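Before I ask anything, here is the structure I am working with.
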Amino acid sequence: MASPEERYNFREAEAKWQKTWTANGCFKADDSSSKPKYYVLEMFPYPSGRLHMGHVRNYTLGDVVARYKRAKGFNVLHPMGWDAFGLPAENAALERGIHPGTWTRQNIGVMRDQFRPLGLSLDWSRELASCEPAYYKHEQKMFLDFLKVGLAYRKESWVNWDPVEHTVLANEQVIDGKGWRSGADVEQRKLNQWFLKITHYAEDLLQAIETLDRWPDKVRLMQHNWIGRSEGARVSWPLVDGAGKDLGDALEVFTTRPDTLFGASFCAVSAQHPVAAKAAERDPALADFIAQCSRSGTSTAAIETAEKQGYDTGLKARHPFLPDTMVPVYVANFVLMEYGSGAIFGCPGHDQRDMEFARKYALAVRCVVAPAGEDAGDFAAKLEAGDVAFTDDGMAINSDFLNGLKVDAAKGAAISKLKALGRGQGTVQYRLRDWGVSRQRYWGCPIPIIHCASCGAVPVPDRDLPVTLPEDVTFDRPGNPLERHPTWKHVTCPTCRKDAVRETDTFDTFFESSWYFARFCSPHVDDRPFNQAEAMKWLPVDQYIGGVEHAVLHLLYSRFFTRAMSACGYLNLKEPFAGMFTQGMVCHETYRAADGTWLEPATITKSGELATHNGKPVTVGRSEKMSKSKKNTVDPQIILDTFGADAARLFMLSDSPPDRDLEWTDAGIEGAWRYLNRLWRLAVAAAEIPEVPLPAVLAPAATAVLRQVHRAVAAVSDDLEKFRFNSAVARIRELTNGLAELDRGEAGADAVYRLGVETAARLINPLTPHISEEMWLALGHTTNLTATPWPNFDPAFLVDDMVTIAVQVNGKLRGTVTVDKSADKAACESAALGLAAVQRQLDGRAPRKVIVVPGKIVNIVAAP
RNA sequence: GCGGGCAUGGCGGAACUGGUAGACGCGCCAGACUCAAAAUCUGGUGUCCUUGGACGUGGGGGUUCGAUUCCCUCUGCCCGCACCA
């Protein structure tokens with residue numbers, strides 16, 4: 001049936017507006033604008049070839065911000081690109097024989113096409129793909145600059161080596177000590193790797209977290225803990241051999257508890273510590289023990305709970321304060337080479353790990369700190385007989401010159417003494433390690449270095465950049481194709497012209513994502529990564545949006561890169577992201593058949609509480625993150641085809657706060673679709689009303705709705721500013737409910753109705769851009785909403801003349817009274833006391849006390 | 001183990017700095033329109049008893065005239081880190 005109530009034709013409308021926006025260049029960031037800038041960025045996607053609901057949510061959130069800020073008069077930069085290097089492309093090559101580059105570029109094409117129907121306000125003219133030489137050549141240059149200023153270096157380090165795949169594995173790729181794909185036992189190997197000196201900025205990265213006031217506290221805390229600053233002391237313990245002879249060498253130890261030095265009963269070094277290696281030369285059993293420690297990976301939870309084990313080297317260490325006291329030196333499996341100096345001193349009384357170790361190897365336990373208010377002697381006796389270390393604050397005992405000092409004071413005194421004796425000093429230690437960027441992979445950015453037998457590691461000269469990946473590679477054998485390519489790596493040394501080989505490692509793919517936000521500011525310059533003036537104009541990103549899974553590494557690496565790029569003259573900036581928002585995941589119920597296999601939502605039939613699959617009952621599991629393995633995914637393509645982009649966007653925005661997980665439901669998307677039709681009917685009705693100014697005199701009902709219009713503008717603006725998109729939708733729905741209920745026969749009601757529908761269209765435009773443009777057009781406007789400023793509100797309409805206040809007796813609600821907004825306390829009180837319900841409660845008793853908060857509440861306290 | 005977060009109707013969620021708990025939506029119930037269905041519209045919907053009340057924001061306690069909101073404690077779930085000396 002064809003009538004004004006005809007359902008909204010999203011297919012036609014959405015395609016039309018997408019075309020119009022593109023044709024008019026509505027979303028191009030204007031480099032010469034005088035408006036204030038606003039840079040909105042969502043984390044760029046990996047081109048997996050398929051859009052998923054997580055993408056839809058992520059880019060919708062960013063789009064709301066971009067469109068809102070544009071309406072608020074900002075010159076908005078909202079670009080899009082592809083995080084295009086990475087392992088899946090190599091897996092595709094392995095499984096299907098397709099070249100990683102071909103696969104990746106095909107996927108980009110497919111995904112770009114999938115993005116279009118979402119109606120995102122993106123500036124596609126700045127699109128980039130990190131796998132193209134035009135992009136990655138700049139990071140090769142940057143890396144060489146980092147090398148020059150000492151922010152990049154090469155060192156030997158321990159890696160997880162998969163002997164079957166001939167490759168290094170990331171910690172996440174090692175499961176129970178075995179390679180994730182090969183299943184082979186992972187070995188600890190020493191390899192020459194390139195590192196970026198992120199630790200150079202440890203303190204600055206930590207301090208500057210304070211300035212990131214528009215980041216979630218959670219993310220700031222995670223970064224804080226990741227950097228892991230701890231204050232302590234380096235203490236040196238002169239080494240003595242088994243016969244008591246000084247070796248002229250000292251063991252460097254890091255401790256946060258120099259106040260407990262008098263409780264020391266052993267020292268321990270890591271299995272990878274030089275002292276261990278040296279001692280093992282004369283002791284095959286020790287060598288075995290060390291080998292055993294290296295074999296057990298350092299990454300899995302099982303190993304972390306493993307029992308503490310040690311091996312006595314036979315060496316002794318001389319106590320820094322007590323020259324006549326010696327303690328044994330162990331090699332221990334729980335001491336990490338990468339932290340501090342790879343060696344510790346053990347004080348079993350005041351460290352639980354040391355306590356366990358001491359009990360196992362029958363070492364002395366000596367109490368040197370006792371809690372205030374307890375008898376030191378009794379406490380010490382109990383502690384030394386038990387298995388639990390005391391780690392709280394207290395008073396030093398049995399500790400010579402430290403006795404009587406509280407822990408903090410004792411730490412200071414111990415450090416002063418160490419310094420005076422030349423045996424140590426106060427120091428700050430970080431958990432943060434330098435960033436190892438070498439990967440033994442093909443599909444990444446080549447590291448621009450040439451290894452020459454006589455000149456060492458030589459940077460590729462500028463004139464020879466970029467070093468591009470060879471196309472003719474095969475993946476039929478394990479290992480890195482660059483390594484076994486017949487010609488690619490064989491070159492002459494740029495310095496001495498002798499035969500040399502290229503570095504065959506490529507960069508960690510976090511490298512590309514650490515600076516793409518700057519490239520977006522001037523994506524077309526060729527001789528530099530970006531134009532500095534342009535970058536400084538747009539950066540920092542005003543609002544960055546992405547998943548919390550990148551809360552530590554990607555964000556920390558980008559913060560580091562921004563500093564490093566500044567150190568090399570590319571920028572003059574510390575922090576790349578002024579505002580950060582982490583969105584929740586998209587979840588769905590899970591379904592399992594009787595045999596335990598997962599079933600896709602589309603194959604489930606539901607009637608009431610019962611769910612079936614082909615007539616057989618199905619177990620409905622809890623809602624979990626959409627994943628291929630649990631088959632609980634919903635294909636955005638199907639949703640877009642069935643309901644359109646606006647419905648998908650509206651549902652994603654309205655059902656949950658954006659930082660929380662969202663549960664995808666059929667009912668939800670259908671509800672969103674129904675609302676769009678409701679909106680459209682309002683627009684069709686309003687379009688019939690001629691555009692006239694609001695009359696001076698309005699009927700009370702019309703005034704009330706007019707008030708509602710202004711309130712909605714105020715509330716929605718505030719909600720959008722604060723990322724409360726779900727609440728913004730609720731406010732708009734309240735407004736349209738009010739409009740639908742308005743009696744149009746009353747004076748001025750038509751004009752208010754029209755204004756209300758127009759306002760609703762403008763308010764919902766950032767959320768559902770297509771239908772709002774269509775409404776705007778239907779209402780007779782010749783301009784686009786993309787170019788229409790955000791509506792204003794009149795604060796006078798936000799307050800009512802009369803206010804309804806709650807009346808309580810003894811804190812319990814007994815009724816409400818409506819009084820003039822300027823009513824004083826006495827007036828409120830007498831109005832409240834006039835309520836029948838109040839009198840009934842008082843039952844003749846006089847109020848003992850009356851609390852009046854004007855405009856809010858009257859609470860009458862009656863005698864009990 | 002350490003650190004952080006969350007807990008509100010059948011469901012998703014709202015409630016600004018302590019002041020009418022449950023906005024808005026989903027679902028459900030009843031009715032209207034229809035030959036019928038869909039769509040749409042109207043009304044209802046925290047729980048328990050009879051109008052009027054009583055109870056109610058994970059459990060227990062506290063502060064307050066008044067607590068979803070602040071404090072203590074317990075329970076459950078989620079996330080991060082994980083022998084970091």
Side-chain angles (χ1 to χ4, degrees), chain A residues 1 5 7 216-219 221-226 228-230 232 253-257 260 268 298-301 303-308 332-336 338-347 350-354 356-357 429-433 548-549 551-552 608-609 622-623 650-651 654-657 660-663 665-672 674-675 677-678 681 715 718 722 724 726-734 736-737 740-741 804-816 837 840-841 847-853 855-862:
Chain A
M1 68 178 173
E5 267 114 57
R7 300 186 92 189
D217 287 342
K218 179 191 162 126
V219 174
L221 185 69
M222 281 163 74
Q223 296 228 340
H224 189 274
N225 293 340
W226 190 264
R229 183 184 200 272
S230 57
V253 149
F254 174 72
T255 178
T256 55
R257 292 297 300 274
T260 64
T298 51
S299 58
T300 60
I303 285 147
E304 276 138 19
T305 55
E307 205 185 339
K308 288 172 184 40
N333 67 343
F334 66 92
V335 179
L336 306 174
E338 309 87 65
Y339 187 75
S341 57
I344 61 157
F345 86 84
C347 175
H350 306 284
D351 182 291
Q352 193 54 39
R353 288 161 308 187
D354 297 346
E356 285 167 35
F357 194 79
Q429 190 66 45
Y430 299 90
R431 205 190 75 108
L432 182 70
R433 317 263 159 85
V548 74
E549 66 272 19
V552 176
E609 290 294 287
R622 49 183 260 184
S623 184
L650 182 63
F651 172 54
S654 62
D655 215 48
S656 292
R660 269 198 236 175
D661 288 352
L662 172 94
E663 188 180 347
T665 60
D666 290 344
I669 181 73
E670 281 159 19
R674 271 201 302 275
Y675 182 66
N677 283 292
R678 207 168 127 87
R681 285 193 301 274
D718 190 43
K722 293 175 178 154
R724 291 191 305 233
N726 56 324
S727 150
V729 173
R731 299 287 88 82
I732 295 168
R733 290 184 101 127
E734 273 174 351
T736 52
N737 287 348
E741 285 159 18
T804 300
I805 61 176
V807 179
Q808 298 179 337
V809 178
N810 290 337
K812 284 187 184 156
L813 186 72
R814 297 298 168 188
T816 57
R840 199 158 48 232
Q841 288 296 323
R848 202 168 57 178
K849 189 177 172 188
V850 179
I851 289 126
V852 182
V853 183
K856 291 261 162 119
I857 202 163
V858 178
N859 189 11
I860 296 153
V861 186

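If you're wondering where the values come from, they're calculated on a predicted model, not measured in any experiment. Chain letters run A, B, ... following the sequence lines, proteins first, then strands; residues in each count from 1.
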**Q.** Out of B:G13, B:C77, B:G19, whichever nucleotide has its closest atom nearest the side chain of A:R622
**A.** B:C77
Q) Choosing from B:C24, B:C79, B:A85, which nucleotide comes nearest the side chain of A:D351? A) B:A85
(Q) Just the rounded figure in Å: distance from P of B:G25 to CG of A:N737. (A) 5 Å
Q. In whole angstrom, what separates A:K856's NZ from B:A15's P?
A. 15 Å
Q | P gap between B:U45 and B:G3, integer Å | A | 47 Å
(Q) Taking the nucleotide of RNA chain B with the nearest heavy atom to each, does A:V548 or A:T804 sit closer to the 5' end? (A) A:T804
Q. So, is A:R678 near the phosphate of B:C41, with a side-chain N or O under 4.0 Å from OP1 or OP2?
A. yes
Q: Ignoring the backbone of A:R660, work out which of B:C83, B:G12, B:A14 is nearest its side chain.
A: B:A14
Q: Measure from the side chain of A:K218, starting at C-beta and using heavy atoms only, and say which of B:C79, B:G3, B:A85 lies closest.
A: B:C79
Q | Spacing of the P atoms in B:G25 and B:G46 (rounded, Å) | A | 15 Å
Q. Which heavy atom in A:H350 sits nearest to a heavy atom in A:R257, and how many Å separate them?
A. O-NH1, 4.2 Å
Q) Whole-Å distance between B:G80 P and A:R431 CZ? A) 14 Å
Q. With rounding to whole Å, what would you report as the distance between B:G31 and B:U51 at their C1' atoms?
A. 25 Å
Q. Which value, in whole Å, describes the distance between the C1' atoms of nucleotides B:C6 and B:U68?
A. 13 Å
Q) Any idea which heavy atoms bring A:D661 and A:S656 closest together, and the distance? A) O-OG, 3.6 Å
Q: Say whether, by atom type as modelled, one donor and one acceptor occur between the side chain of A:D351 and the main chain of A:G346 under 3.5 angstrom.
A: no
Q) Between atom NZ in A:K812 and atom P in B:G52, what is the gap in whole Å? A) 18 Å
Q: Please step through side chain to side chain donor-acceptor pair (under 3.5 Å) for the pair A:Y675 and A:T736, ending with a clear verdict.
A: CA-CA 10 Å; A:Y675 182 66; A:T736 52; 2.7 Å; yes
Q. Rounded to whole angstrom units, what separation is found between the CD atom of A:E663 and the P atom of B:G27?
A. 14 Å
**Q.** Separation between the C1' atoms of B:G10 and B:G27, rounded to whole Å
**A.** 8 Å
Q: Check every strand shown and say whether A:S654 touches a base, only sugar-phosphate, or nothing at a heavy-atom separation below 4.0 Å.
A: nothing
**Q.** For the student: nearest non-hydrogen atoms of A:I860 and A:P847, plus distance
**A.** CG2-CB, 3.7 Å
Q: Would you mind telling me which residue lines up with the more 5' stretch of RNA chain B, A:F334 or A:V807, judged by nearest nucleotide?
A: A:V807
Q.
Please report the distance separating the P of B:C24 from the corresponding atom of B:U57, rounded so that it comes out in whole Å.
A. 22 Å
Q.
Side chain of A:L336, heavy atoms from C-beta onward: which of B:A54, B:C84, B:A14 has the nearest atom to it?
A. B:C84
Q: Quick one: classify the glycosidic conformation of B:G9 as syn or anti, with syn meaning within 90° of 0.
A: syn
(Q) Taking only the C1' atom of each, what is the distance from B:A23 to B:G66 in whole angstrom? (A) 22 Å
Q) Choosing from B:G3, B:G80, B:C83, which nucleotide comes nearest the side chain of A:N225? A) B:G3
Q.
Applying a 4.0 Å non-hydrogen cut-off, can you work out what A:S727 is touching in the nucleic acid: base, sugar-phosphate, or nothing?
A. nothing
Q: Encode nucleotides 60-66 of chain B as B, S and - characters from 5' to 3', where the letter depends on protein heavy atoms closer than 4.0 Å: B to the base, S only to sugar-phosphate, - to neither.
A: -----BS
**Q.** Any A:F345 side-chain heavy atom under 4.5 Å of A:D354 side chain
**A.** no
Q: Check whether any side-chain heavy atom of A:Y339 lies under 4.5 Å from a side-chain heavy atom of A:R433, and answer yes or no.
A: yes
**Q.** Test: A:E734 and A:R731 ion pair at under 4.0 Å
**A.** yes
Q) Distance check: side-chain N/O of A:R674 vs OP1/OP2 of B:C26, anything under 4.0 Å? A) yes
Q. Hey, is the side chain of A:S230 poking within less than 4.0 Å of OP1 or OP2 on B:A85, counting only N and O atoms?
A. yes
Q: Determine, stepwise, if the pair A:V850 / A:N859 fulfils side-chain contact (heavy atoms from CB on, under 4.5 Å).
A: CA-CA 6 Å; A:V850 179; A:N859 189 11; over 6 Å; no
Q) With respect to the side chain of A:R731, which nucleotide from B:A23, B:C83, B:G13 is positioned closest? A) B:A23
Q | Atom-pair distance (CG on A:D661; C1' on B:G5), nearest Å | A | 12 Å
Q.
Could you walk me through whether A:R431 and A:N225 satisfy the side-chain contact (heavy atoms from CB on, under 4.5 Å) test, starting with their C-alpha distance in whole Å, then the side-chain angles of each, then the deciding distance to 0.1 Å, before giving a yes or no?
A. CA-CA 8 Å; A:R431 205 190 75 108; A:N225 293 340; over 6 Å; no
Q. Expressed in whole Å, how much space separates the P atoms belonging to B:G9 and B:G22?
A. 14 Å
Q: Round to the nearest Å and state the distance from A:R353 atom CZ to B:C84 atom P.
A: 4 Å
Q: Give the nucleotide from the list B:G27, B:A14, B:C24 with an atom nearest to the side chain of A:P657.
A: B:A14
Q) Does B:C41 have OP1 or OP2 sitting under 4.0 Å from an N or O in the side chain of A:R681? A) yes
Q. Does A:R814 have a side-chain nitrogen or oxygen under 4.0 Å from the phosphate oxygens OP1 or OP2 of B:U20?
A. no
(Q) From C-beta outward on A:A730, which listed nucleotide comes closest to its side chain: B:G53, B:C24, B:A85? (A) B:C24
Q.
Working note: A:R678 + A:N737, criterion side chain to side chain donor-acceptor pair (under 3.5 Å); need CA distance, chi angles, decisive distance, verdict.
A. CA-CA 10 Å; A:R678 207 168 127 87; A:N737 287 348; 2.5 Å; yes
Q: Using side chain to side chain contact (heavy atoms under 4.5 Å, CB included) as the criterion, list what pairs up with A:T256, not counting sequence neighbours.
A: A:S230, A:F254
Q) Shortest non-hydrogen contact from A:I344 to A:F334? A) CD1-CE1, 4.0 Å
**Q.** Nearest-nucleotide pick for A:L221, side chain only, options being B:C24, B:G4, B:G80
**A.** B:G4
Q: Tell me whether the OP1 or OP2 atom of B:C84 has a side-chain N or O from A:R433 closer than 4.0 Å.
A: no
Q. In whole angstrom, what separates A:D217's CG from B:G3's P?
A. 17 Å
Q.
Let me check I have this right: for RNA chain B, each base becomes ., (, ), [, ] or |, based on Watson-Crick or G-U pairs with both distances under 3.5 Å. What is the full string?
A. (((((((..(((......[....)))((((((.......))))))((((..))))..(((((..]....))))))))))))....
